[in-house]
Undergrad: 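Got a structure for you, written out below as C-alpha cells; questions coming shortly.
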Amino acid sequence: MIPSGICPANKGKTQTTKQHNMAFKGAIEIDTQKCKGCSVCIDNCPTGSIQLSKMVNSKGYHYAEMIGEACVGCSNCGIVCPDSVITVYRVKI
Amino acid sequence: MAEKILMKGNEAIAISAIRNGVDGYFGYPITPQSEVMETLMKEKPWETTGMTVLQAESETSSINMVYGGACTGKKVMTSSSSPGLSLMCEGISYLAGAELPCLIVNVMRGGPGLGTIQPSQSDYNQCVKGGGHGDYNAIVIAPASAQDMYDFVDWGFDLAFRHRTPVILLADGIVGQMMEKVELHDPKPRMTKEEIRAAAPWATTGKTSDRKYNIITSLALESDVQEKFNRKLQEKYRHICETEVKYTEYMTEDAEYLLVAFGCASRICEAVVDQLRSEGIKAGMLRPVTLFPFPSKRIAELSGQVKSMMSLELNMGQMVADVRLAVNGACPVGFYGRQGGNIFTPDEISEEFKKFNNLK
Amino acid sequence: MTIEDIKKHGDIVYRKTPLLTDTVMHYCPGCSHGTVHKLIAEVIEEMGIQQDTIAISPVGCSVFAYNYLNVDWEQAAHGRAPALATATKRLNPEKYVFTYQGDGDLASIGTAEIIHACSRGENIVVIFINNGIYGMTGGQMAPTTLLGMKTATTPYGRDAKLNGFPLVIAPMIAQLDGTAYITRQAVHTAPAARKAKAAIRKAFEYSQKGIGLSFVEIVATCNSGWKMSPVAANKWMVENMFPKYPLGDIKDVLKKE
C-alpha cells in the first residue's frame with residue numbers, strides 16, 4: 001500500500017500563507033517511502049501546499065508532505081518530481 | 001547440380017551472407033577484405049532478400065552496429081582486417097558479455113601497428129585468447145579455401161545462435177584474395193519476425209504484454225552477480241569445447257611426425273606431407289578448423305603416437321603455445337613461421353622440419 | 001470538502017505512469033534524470049507505443065535507465081549508443097528507437113558516433129542530457145563543463161588554456177543535412193518540463209516520418225557533482241548554464257515559416 005503523504009500533525013489545520021481563488025480544489029498523495037526530499041516540488045508549488053516532513057522515511061530522507069487546503073491540483077509538483085512519487089487529485093468546485 | 005562460380009574468398013563471404021538469410025552487414029573498408037562490402041553493395045540485397053548493408057564511420061562503430069542489430073535477434077555480421085579487429089575488441093567483449101550471436105570476419109594482415117596489407121596469421125592470439133577485456137572467448141573458425149569462406153558463414157551463424165556468442169571467422173589475406181571455384185548451396189530465407197521471437201525470446205523485439213521487458217546488458221556491479229555470470233560463461237565455453245571441436249587430418253593413421261597448421265598454411269602443409277612421404281618420412285598433418293574450441297584432445301592423443309610435432313604458422317609463433325599445452329611435454333614441439341606477408345614454400349618447411357627432427 | 005474527500009471523489013489528474021517500473025531510482029535526490037525518464041515514459045504511454053519502442057542506454061549514471069522504463073533496452077558501450085540505434089532502427093524500421101546519453105557519453109567519447117548518425121540521417125531519437133559534468137565517475141570535467149566551473153579534474157575551475165572550451169553540440173549537428181529536429185529544453189520547472197515533454201513527443205513522431213534524426217538536449221543539473229542542493233542547482237543552472245546553452249528549438253525541418 002502506498003502510505004499517505006498527509007502528516008497527521010497538520011490534519012484539520014488551515015494553511016493561509018497563499019490564498020488562491022480558483023475553481024478547483026486539489027490534493028496530493030506522496031509515496032513517502034520513495035520520496036528523497038529533494039524539494040523541487042516545494043519550489044514549484046504555486047500555493048505553498050508542500051513542505052518537508054520533520055519525520056524521515058526508512059532511507060533517512062525528510063519526505064515531502066502536503067500542508068493546508070490551498071492545493072488546486074495543478075500537477076506542477078507531479079511533473080517535476082524526479083522520482084514520480086506524487087499523485088495529484090482534483091475536483092471542480 | 002549446385003551452381004559453381006569462380007570467385008574470391010572475400011566475394012564468397014558476401015554472396016554466402018545474402019544466400020544464407022543474413023539480415024545485416026555493417027563494415028568499414030580495410031585491405032585486404034574490402035571486396036566483402038563492395039560485393040554486397042554491388043549485389044544490392046536490400047532489393048532482393050531485404051538484407052541491410054551499411055558502411056559505418058569506423059570499425060568501432062560497425063561492431064557496435066552489429067551489437068545493436070544482434071540485440072534485436074537478427075543475423076548480423078561485419079568484416080575487417082587486423083587493425084580493424086583491434087578497434088573492434090571493445091565491442092566483441094561487450095557482445096560476449098551480453099551473450100549476443102553475430103559473425104565477425106577477420107581477413108588477417110601483418111602487424112603489429114599498421115603493419116602490412118600482405119596476408120598473415122598473426123591475430124591468432126588476439127582472436128582466440130580474447131583480445132578485449134574480461135574472461136571471455138569467442139568461437140573462432142578458420143577457413144582454408146574460398147569454399148570454406150562460403151560455407152563457414154552459415155556454420156558460423158549456427159554456432160553463434162546455438163551458443164549465443166560472437167563467432168569470429170578467422171581468415172587471412174590469401175584465403176580472402178584467392179579465386180577458386182565455389183559451390184553455391186540452396187538459398188535460405190531470412191528469419192521472419194515470428195521465427196525471431198520464438199528463437200530469440202531474449203531479444204529486443206519490443207515489450208509485449210505476454211512477457212517482461214528485455215534488457216541486453218553486460219553490466220553486473222554486484223560482485224556475486226558478476227562472478228556467477230562468469231561461471232555461467234565458463235560453463236558455456238566448456239560445453240562448446242566438448243561439442244563443437246572440428247579439425248581435419250591428413251595421413252595421420254601411421255604418422256610418425258605431425259605437422260599442425262590452420263587456414264591457408266594447412267594447404268601448404270599438405271604438400272609438405274606428400275613431399276616427405278615421397279622421401280619415406282611418415283609425416284601427417286592436423287588442421288584445426290575450430291581454433292576455439294581447440295582440438296587439444298586429439299593433439300594429446302597423437303602426441304603418444306608421433307615422435308614430434310611442428311606448428312607451421314604465418315606469424316612468429318602463436319598457435320604453437322596451444323599445441324604445447326595439449327601435448328604437455330609428451331613429445332617435442334617445434335615451430336616455424338614467416339611474417340610480413342612472406343609465405344613459406346613446401347621446400348622451406350621441409351628443410352626446417354628435417355632440421356628440427358635431425359633428419360637428412 | 002476535506003483532503004480525503006478530494007482524494008476519494010476527485011479525478012486523478014497526475015499519477016506515475018505505468019511505463020515506469022516500481023524500482024526506486026538510484027539517482028541522487030533532485031537529479032534531472034528521473035524527471036526526463038518520466039517524461040519519456042509518459043510520451044510512450046500517451047502514444048501507445050510500448051511494444052514498438054526500443055531504448056538504448058549509455059554508460060554513465062543513466063546506464064541504469066533500463067531498470068526504470070518498461071520497454072526493451074539495449075545497453076551500449078560508452079559513446080556507442082547511436083551506432084546501436086542505427087542498426088536497431090535499420091533492421092526494424094517500424095520501431096521507435098531512441099538513445100539516452102549524457103554529455104560525457106555523447107559529447108566526448110561518442111562524438112564520432114553521434115555526428116555520423118546525424119549525418120546519415122538515421123530515423124532515431126537522441127535524448128542528450130547536458131549537465132556539464134561526469135556524474136557516475138565522481139564529478140570530473142565534461143566537454144560541456146562551463147569555463148570557470150569547478151569539477152574533480154578542474155579543481156581551480158575550467159581554464160580554456162588548460163582544458164579547452166565547452167563543446168556546444170546542438171548547433172553543430174543542426175548544420176548536418178541528416179537532422180530533422182534539434183531542440184534544447186530543461187525540466188527544472190513545471191512549464192519547462194511540459195515543454196520538454198512536448199519536444200520529446202515531437203521527436204518520437206518525427207522519427208517515424210523518415211526525415212532524419214531528432215535530437216532533444218536537456219540542460220540538466222547534477223547537484224551532487226555540482227555540490228549544491230537540488231533547488232540551488234536549478235537556480236545555478238538558470239543563471240550559468242542557460243546563457244551558454246539557451247533553451248528553444250534550433251532546427252525543425254517541418255516548421256512552416
Side-chain angles (χ1 to χ4, degrees), chain B residues 22-26 46 50-76 78 89-95 97-98 100 102 132-133 190 193 196 202-221, chain C residues 18-21 23 26 44 49-60 63-97 99 109-120 122 124 136:
Chain B
V22 173
D23 295 299
Y25 170 94
F26 304 90
W46 51 91
M51 178 184 177
T52 298
V53 187
L54 182 63
Q55 179 169 338
E57 66 272 23
S58 67
E59 289 91 348
T60 305
S61 192
S62 58
I63 193 70
N64 280 285
M65 288 175 181
V66 165
Y67 182 106
C71 283
T72 67
K74 303 269 182 177
K75 278 171 135 178
V76 283
T78 183
C89 280
E90 174 200 51
I92 299 171
S93 170
Y94 275 71
L95 283 154
L100 290 173
C102 67
H133 59 284
R190 289 170 58 222
K193 276 181 199 166
I196 290 173
W202 45 264
T204 54
T205 47
K207 190 230 171 285
T208 44
S209 52
D210 58 344
R211 66 159 167 85
K212 276 182 69 179
Y213 68 101
N214 285 335
I215 306 170
I216 309 282
T217 182
S218 55
L219 178 65
L221 283 182
Chain C
L19 258 290
L20 286 174
T21 64
T23 312
H26 72 292
I44 293 170
I49 55 169
Q50 181 184 27
Q51 73 176 65
D52 296 318
T53 301
I54 301 176
I56 298 160
S57 81
V59 169
V63 62
F64 286 121
Y66 60 61
N67 286 331
Y68 311 131
L69 257 73
N70 198 354
V71 294
D72 280 358
W73 280 94
E74 303 171 3
Q75 198 284 308
H78 204 16
R80 318 290 177 229
L84 271 68
T86 294
T88 300
K89 178 69 178 180
R90 286 194 180 226
L91 291 163
N92 303 274
E94 75 286 3
K95 299 287 188 216
Y96 292 80
V97 179
T99 71
I109 197 166
T111 40
E113 282 76 12
I114 186 61
I115 283 175
H116 286 277
C118 288
S119 178
R120 287 190 302 263
E122 301 298 342
I124 58 170
M136 190 173 235

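Residue numbering restarts at 1 for every chain, and letters A, B, ... go by the order of the sequence lines.
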Undergrad: May I ask you to test the B:T52-B:M65 pair for a side-chain heavy-atom distance under 4.5 Å?
TA: no

Undergrad: Please classify the contact of B:L221 with chain C as side chain, backbone, both or neither, using a heavy-atom distance under 4.5 Å.
TA: side chain

Undergrad: Which bit of B:A203 comes within less than 4.5 Å of chain C, counting heavy atoms only: side chain, backbone, both or neither?
TA: backbone

Undergrad: Closest heavy-atom contact between B:A98 and B:I216?
TA: CB-CG2, 3.8 Å

Undergrad: By a 4.5 Å heavy-atom criterion (distance strictly below it), what part of B:I215 contacts chain C: side chain, backbone, both, or neither?
TA: both

Undergrad: Side-chain contact test, heavy atoms from C-beta onward, threshold under 4.5 Å: evaluate it for C:Y68 versus C:T23 and give yes or no.
TA: yes

Undergrad: So which residue, C:I115, C:I49, C:L69, C:D52, ends up with the most heavy-atom pairs under 4.5 Å with chain B?
TA: C:L69

Undergrad: If you look only at pairs with a residue in residues 54-76 of chain B, which of them pass as a salt bridge (charged side-chain N to carboxylate O under 4.0 Å, His left out), with sequence neighbours excluded?
TA: B:E57-C:R120

Undergrad: Non-hydrogen atoms of chain B under 4.5 Å away: do they reach the side chain of C:L91, the backbone, both or neither?
TA: both

Undergrad: Who among C:N92, C:T86, C:T53 has the most heavy-atom pairs with chain B under 4.5 Å?
TA: C:N92

Undergrad: What are the two closest non-hydrogen atoms of B:Y67 and B:T217, and how far apart are they?
TA: OH-CA, 4.4 Å

Undergrad: Is C:F64 close to chain B through its backbone or its side chain, or both, or neither, when contacts mean heavy atoms under 4.5 Å?
TA: side chain

Undergrad: Is it the backbone or the side chain of C:V97 that comes under 4.5 Å from a heavy atom of chain B, or both, or neither?
TA: neither

Undergrad: Hey, which of B:A70, B:S62, B:G69, B:C71 has the most heavy atom pairs under 4.5 Å with chain C?
TA: B:C71

Undergrad: Show your reasoning for whether side chain to side chain contact (heavy atoms under 4.5 Å, CB included) applies to C:V59 and B:L219.
TA: CA-CA 10 Å; C:V59 169; B:L219 178 65; over 6 Å; no

Undergrad: So which pairs with a foot in residues 69-81 of chain C pass side chain to side chain donor-acceptor pair (under 3.5 Å), sequence neighbours left out?
TA: B:E90-C:R80, B:T204-C:E74, B:R211-C:D72, C:E74-C:T88, C:H78-C:D105, C:R80-C:E113

Undergrad: Please classify the contact between C:S119 and chain B as side chain, backbone, both or neither, with a heavy-atom cut-off of under 4.5 Å.
TA: neither

